Structure formats: structure tokens, C-alpha cells
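Quick caveat: nothing in here was measured; it's all calculated off a predicted structure. Within every chain, numbering begins at 1; the chains are lettered A, B, ... in the order of the sequence lines, protein sequences first and strands thereafter.
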There are 2 protein chains.
Amino acid sequence: MRKALADWVDLTDNQFSQLAEIFNSRTVKAKQDILLPHTSVHKIYFVCDGLLRFYYLSDRGVESNKAFVAENTFAGALAALNLDLPVLYGIQALEPTTYLVARLQDFVDLYEQDYAFERLGRKFAEWLLIRKELRTRSLLQQQAKQRYVSFMQNYSGLISRVPQYHIASYLGITEVSLSRIKRELAKKQHF
Amino acid sequence: MRKALADWVDLTDNQFSQLAEIFNSRTVKAKQDILLPHTSVHKIYFVCDGLLRFYYLSDRGVESNKAFVAENTFAGALAALNLDLPVLYGIQALEPTTYLVARLQDFVDLYEQDYAFERLGRKFAEWLLIRKELRTRSLLQQQAKQRYVSFMQNYSGLISRVPQYHIASYLGITEVSLSRIKRELAKKQHF
DNA sequence: TTATTTTCTTATCAATTGATAAGGCATAAA
DNA sequence: TTTATGCCTTATCAATTGATAAGAAAATAA
């Protein structure tokens with residue numbers, strides 16, 4: 001985790017152990033649920049090894065993948081405490097996964113203790129912002145075929161690790177539609 | 001601006017005037033461009049009075065409205081300096097507008113001067129996160145008709161202030177399609 | 001290995017949305 | 001007033017995507 005943090009802040013040994021204290025390590029098998037949707041449980045996560053998917057659940061029971069979170073990555077609804085709303089997403093393991101988890105409140109409490117943690121919080125929020133910005137733009141401006149091409153470019157490592165129907169769900173289309181898109185793209189390659 | 005900030009941080013008079021110093025006031029007429037897309041100009045904005053639209057421009061020249069920013073609201077790509085990319089959006093006034101503008105670099109520099117500004121930056125980022133979260137969810141899970149209904153609920157004040165075709169562009173559909181949707185919704189009302 | 005389950009593909013038809021063109025309606029300008 | 005201009009609606013047809021069902025292929029279990 002420390003290495004991943006280095007992109008955002010320089011923590012002293014002391015600061016880092018303060019941070020590490022609020023996290024607990026967990027291990028889950030593939031397909032295991034970590035958080036069910038519409039639970040009011042606010043936590044933040046760091047994936048050490050493996051792969052998780054964060055997903056929305058609509059009123060009509062349809063799941064949409066919100067993000068895939070692989071090793072050495074932080075995740076979590078950082079601003080959730082500012083809302084009265086329950087967390088809207090669920091979390092499920094796609095692979096056997098080891099991760100660290102902390103109560104969001106504990107993380108936020110650190111802001112009061114040391115300036116460095118507030119900075120960490122800001123950097124984390126900004127990192128999430130950038131990813132969401134790209135995602136919004138993609139959903140708004142690109143057609144499904146283009147979104148898939150972009151996904152392959154930006155997340156090439158995930159293609160082989162994530163079932164096709166989960167990628168389709170991430171792109172906002174059905175697995176059937178994605179299968180069609182792949183066929184069309186393959187056709188073009190021949191010429 | 002001070003009143004709007006109160007939701008996020010308590011600034012002393014001194015801190016507030018430090019902040020105010022980096023902002024300049026501007027006035028634009030309706031339809032006037034404030035920032036053209038693909039310019040590498042990183043600024044943050046506070047709209048005092050009026051209404052702005054922030055929009056993406058695709059490779060093929062199609063505009064998509066990213067956000068409407070009305071009075072007493074902050075806006076700007078807070079995390080833009082973390083990227084080497086140019087700012088991707090443009091800004092245009094939809095009404096005669098008075099706004100404050102600051103160089104993003106000046107704003108970020110304040111983080112080093114006073115803890116309160118770092119906190120402000122974090123709160124601002126988190127506020128943006130929440131809005132983007134809702135937007136992503138809407139684009140991913142809802143059909144155009146539902147997105148329009150949600151828009152009317154969440155931004156009822158904007159319906160009369162923003163031309164229909166700009167709302168359509170915000171929803172990711174054409175103005176023709178939005179017109180169809182409105183007709184269908186009106187039909188349902190009769191029964 | 002075989003059997004079972006999961007994932008992916010294909011076909012068909014329906015629903016949604018886009019593209020284009022034409023016209024209506026309002027507001028503002030001449 | 002008439003004339004523009006901008007915005008909205010409607011109609012038609014095309015393209016995209018969804019829904020469903022059936023089967024193929026791949027992965028996993030027995």
C-alpha cells in the first residue's frame with residue numbers, strides 16, 4: 001500500500017503506521033460478495049492482490065458495473081459521508097482477492113490529526129475525479145463500439161481477466177450487443 | 001462567494017481575502033464564449049449571477065454539455081494539473097453572466113500556505129465527485145426518458161432557463177429525440 | 001475422461017435513438 | 001406591421017441496441 005500512496009503523499013513511518021492501523025486485511029474467494037447494494041456501510045478499500053468489481057443495482061434489478069479495481073488500487077465512496085444516502089453500489093470479487101478495508105469515518109477522522117492525511121484525502125478525491133471525468137465523457141459522446149475500443153486501449157490488462165458480460169455491463173450495454181460489436185470489429189480487421 | 005464557501009470551510013477574514021485576491025471578476029453577454037475547447041488553460045470559476053454551460057467537443061465536432069453552472073456555484077477541472085492533457089471542455093454563457101475566475105495554479109498554491117485551503121480543495125473535489133457519481137449512474141442505468149425525468153426533478157430550475165437542445169445534449173441525446181420523449185410523457189399524463 | 005456449469009455467440013424481432021428535412025411558433029429586429 | 005432568427009415539433013427512414021431463445025464453446029467439477 002505504501003508504494004501506491006507514494007504517488008500522492010510522502011508519509012513518515014509514523015504517519016504510515018497511523019494510517020495502517022485503521023485498515024484490516026481480508027481475503028475472499030472468487031464470486032464472493034463483499035458488500036451488498038443499498039447497505040449503509042461506508043468503507044474504503046485497497047486491493048493488495050486480485051480483482052473486485054463495484055456495481056450499481058437499479059430499481060428494476062439490473063446491475064451495471066461501475067468500476068473494476070485491481071491490485072495496488074484504492075477504492076471507495078470518499079464523499080459518502082457528506083450525503084445522507086445509503087451507499088448505492090455493491091462489491092463482488094471476480095478473482096480470489098486480498099484487500100485492506102477501513103471504516104470511512106476512521107479515515108476521515110485522520111484529517112483532523114495530521115495535515116498529511118487531509119492532503120491524502122484530497123489527492124484520492126482528485127484521482128477519482130479524473131477517472132470519472134473520462135468515464136462521463138465516454139458515456140456521453142461515444143457509441144458503444146467506440147467505448148469498447150477505448151476500454152481495450154485503457155484497460156487492456158482487464159480484457160482477459162473480466163468476463164465479457166461484466167465488461168458489457170461496464171460499458172452500459174448487454175452482453176449480446178458486445179458480442180455483435182466484437183464481430184463487426186473483427187470483420188474490419190480482415191481488410 | 002463567501003456564503004457558498006461556508007458549506008465547505010470556515011475561513012477567517014484574512015483567509016478569505018487571501019482567496020479573493022486570486023480571483024478576478026468578469027462579465028459576459030449571453031452566447032459569449034469564455035473558453036474554447038482543447039485550450040490548455042486551467043482555471044476555476046465561481047458564477048455570481050447568470051448561467052454557464054461547460055461542454056465537451058468530440059473528434060467529429062459534436063458538442064455534449066457536461067454541466068450547467070448557475071449562480072453561487074463553483075466549477076472547474078480541479079485535478080487538471082495532475083494530467084498532461086489539455087482541458088477538454090469549452091465554456092459558454094447561456095445568460096448574461098458575472099463570474100469570478102482564478103488561475104488553477106494560484107488556487108493550488110494556496111494549499112501550501114494554509115491548511116484551510118487544502119481542506120477547501122478537498123471539499124470542492126468531493127462535491128464534484130458526488131455530482132459526477134450521480135451523473136455516471138444515470139447515464140449507465142437509465143434510458144433517455146428516465147434521464148429526462150430525473151433531470152426535471154433534480155434541476156427543475158434550469159428547465160425554463162436552458163434551451164431544449166442544450167438539455168438534450170446534456171442527456172446524451174438529440175433534440176429531436178428529446179422532443180419525442182416529451183410528447184410521450186405528455187401523453188401519459190392524460191390518463 | 002465425462003458431465004456440468006458458465007460464458008459466449010448467433011438469429012430473430014422489437015424498441016429506442018439518430019439523421020434528415022420540413023414546417024410551426026415564438027420572439028426580436030427591421 | 002413584416003421579416004428574420006432561433007427554437008421546437010413532426011414525419012420518415014436508417015442505424016443502433018435490447019429482449020429472448022437456442023445452441024456452441026470454454027471452463028470447471030465429478
Side-chain angles (χ1 to χ4, degrees), chain A residues 29-33 51 53 55 58-65 68 92-96 138-152 158-190, chain B residues 29-33 51 53 55 58-65 68 92-96 138-152 158-190:
Chain A
K29 298 172 190 170
K31 304 207 173 179
Q32 195 168 325
D33 287 315
L51 182 62
R53 74 180 180 100
Y55 63 96
S58 78
D59 326 319
R60 274 177 270 80
V62 179
E63 289 183 5
S64 305
N65 288 314
F68 302 110
Q92 190 186 42
L94 292 176
E95 299 175 356
S138 180
L139 286 170
L140 206 53
Q141 288 215 316
Q142 298 184 311
Q143 290 229 310
K145 190 185 292 184
Q146 297 167 297
R147 293 204 297 275
Y148 177 63
V149 171
S150 297
F151 183 88
M152 286 194 297
L158 290 180
I159 295 283
S160 54
R161 294 171 73 183
V162 179
Q164 208 102 202
Y165 64 91
H166 275 321
I167 293 175
S169 162
Y170 178 89
L171 298 173
I173 57 178
T174 62
E175 59 168 337
V176 177
S177 192
L178 180 53
S179 183
R180 255 189 309 234
I181 285 168
K182 281 178 64 187
R183 183 177 41 183
E184 283 162 30
L185 288 173
K187 219 180 278 177
K188 282 186 188 169
Q189 292 291 338
H190 284 221
Chain B
K29 297 173 190 169
K31 305 207 174 180
Q32 195 168 326
D33 287 315
L51 182 61
R53 75 181 179 99
Y55 63 96
S58 78
D59 326 319
R60 273 176 272 81
V62 179
E63 289 183 5
S64 305
N65 288 314
F68 301 112
Q92 189 186 44
L94 293 175
E95 299 175 356
S138 182
L139 286 171
L140 208 52
Q141 289 215 316
Q142 298 184 311
Q143 291 230 315
K145 190 186 293 186
Q146 297 168 296
R147 294 205 296 276
Y148 177 63
V149 171
S150 297
F151 183 88
M152 284 194 299
L158 290 181
I159 295 284
S160 54
R161 293 170 72 182
V162 179
Q164 209 100 200
Y165 64 91
H166 275 321
I167 293 176
S169 163
Y170 178 89
L171 298 173
I173 56 178
T174 62
E175 58 168 331
V176 177
S177 192
L178 180 53
S179 183
R180 255 189 309 235
I181 285 168
K182 282 178 64 187
R183 182 177 42 181
E184 284 161 29
L185 288 173
K187 220 180 277 178
K188 283 186 186 168
Q189 293 291 338
H190 284 222

**Prompt:** Considering only heavy atoms from C-beta outward, does the side chain of B/E63 approach that of B/R53 to under 4.5 Å?
**Reply:** yes
**Complete:** For B/Y170, the ring pair (Phe, Tyr, Trp, His ring centres under 6.0 Å) test, sequence neighbours excluded, returns B/F68, B/F151
**Item:** Residues which pass side-chain hydrogen bond (donor to acceptor under 3.5 Å, both in side chains) with B/T174, listed by chain and number, not counting sequence neighbours
**Value:** none
**Close side-chain approach of A/Y148 and A/I173, heavy atoms under 4.5 Å** = no
**Complete:** In short, salt bridge (Lys or Arg N to Asp or Glu O under 4.0 Å) pairs touching residues 143-152 of chain A with sequence neighbours left out are A/K145-A/E184
**Item:** Interatomic distance, B/I159 CD1 vs D/dC7 P [rounded to whole Å]
**Value:** 16 Å
**Asked** After noting the C-alpha distance and the side-chain angles of A/Q164 and A/L178, does the key distance pass the side-chain contact (heavy atoms from CB on, under 4.5 Å) rule?
**Response** CA-CA 8 Å; A/Q164 208 102 202; A/L178 180 53; 3.8 Å; yes
**Chi angles and distances behind the side-chain contact (heavy atoms from CB on, under 4.5 Å) call for A/L94, A/R161** = CA-CA 8 Å; A/L94 292 176; A/R161 294 171 73 183; over 6 Å; no
**Request:** Determine which pairs satisfy salt bridge (Lys or Arg N to Asp or Glu O under 4.0 Å) with at least one residue from residues 168-183 of chain A, sequence neighbours left out, and list them in order.
**Result:** none
**Nearest-nucleotide comparison on DNA chain D, the residue closer to the 5′ end among A/I181 and B/V162** = B/V162
**Request:** Could you list the residues that satisfy side-chain contact (heavy atoms from CB on, under 4.5 Å) with B/S58, not counting sequence neighbours?
**Result:** A/Q141, B/R60, B/V62
Quick test: give all pairs of protein nitrogen or oxygen and nucleotides 9-14 of chain D nitrogen or oxygen below 3.5 Å, distance rounded to 0.1 Å.
{"from": "D/dT9", "atom 1": "OP1", "to": "B/K182", "atom 2": "NZ", "distance (Å)": "3.0"}
{"from": "D/dT9", "atom 1": "OP2", "to": "B/S179", "atom 2": "OG", "distance (Å)": "3.2"}
{"from": "D/dT9", "atom 1": "O5'", "to": "B/S179", "atom 2": "OG", "distance (Å)": "3.2"}
{"from": "D/dA11", "atom 1": "OP2", "to": "B/R183", "atom 2": "NH1", "distance (Å)": "3.4"}

**Asked** What are the two closest non-hydrogen atoms of A/S169 and A/S64, and how far apart are they?
**Response** OG-CA, 3.2 Å
**Prompt:** Roughly, in whole Å, what's the span from OH in A/Y165 to C1' in C/dC8?
**Reply:** 11 Å
**Message:** Distance check needed: D/dT17 C1' versus A/L139 CG, whole Å only.
**Reply:** 15 Å
**Request:** Find the distance A/L94:CG to C/dT6:P and express it as a whole number of Å.
**Result:** 15 Å
**Message:** Measuring only between side-chain heavy atoms, which start at C-beta, is A/N65 closer than 4.5 Å to A/V162?
**Reply:** no
**Asked** What integer distance in Å separates A/E95:CD from C/dT6:P?
**Response** 18 Å
**Message:** Using 0.5 Å steps for rounding, measure from the CD atom of A/Q143 to the CG atom of A/L171.
**Reply:** 13.0 Å
**Prompt:** What are the residues of residues 141-149 of chain A, sorted by number, that bring a heavy atom to within less than 4.0 Å of DNA chain D?
**Reply:** A/Q143, A/A144
**Fill in**
Protein-proximity profile, nucleotides 24-30 of chain D, B/S/- by nucleotide at the 4.0 Å heavy-atom cutoff, equals -------
**Message:** Tell me every residue that passes side-chain contact (heavy atoms from CB on, under 4.5 Å) with A/S150, counting only those two or more places apart in sequence or in another chain.
**Reply:** A/Q142, A/N154
**Message:** Using five base pairs at each end to define the local axes, how bent is the helix from C/dT1-D/dA30 to C/dA30-D/dT1, to the nearest 10°?
**Reply:** 30°
**Message:** Quick check: do A/I167 and A/L158 have side-chain heavy atoms less than 4.5 Å from each other?
**Reply:** no
**Request:** Quick one: list whatever passes side-chain contact (heavy atoms from CB on, under 4.5 Å) with B/P96, sequence neighbours left out.
**Result:** B/A30
Under 3.5 Å, N/O pairs linking protein and nucleotides 22-30 of chain C:
none

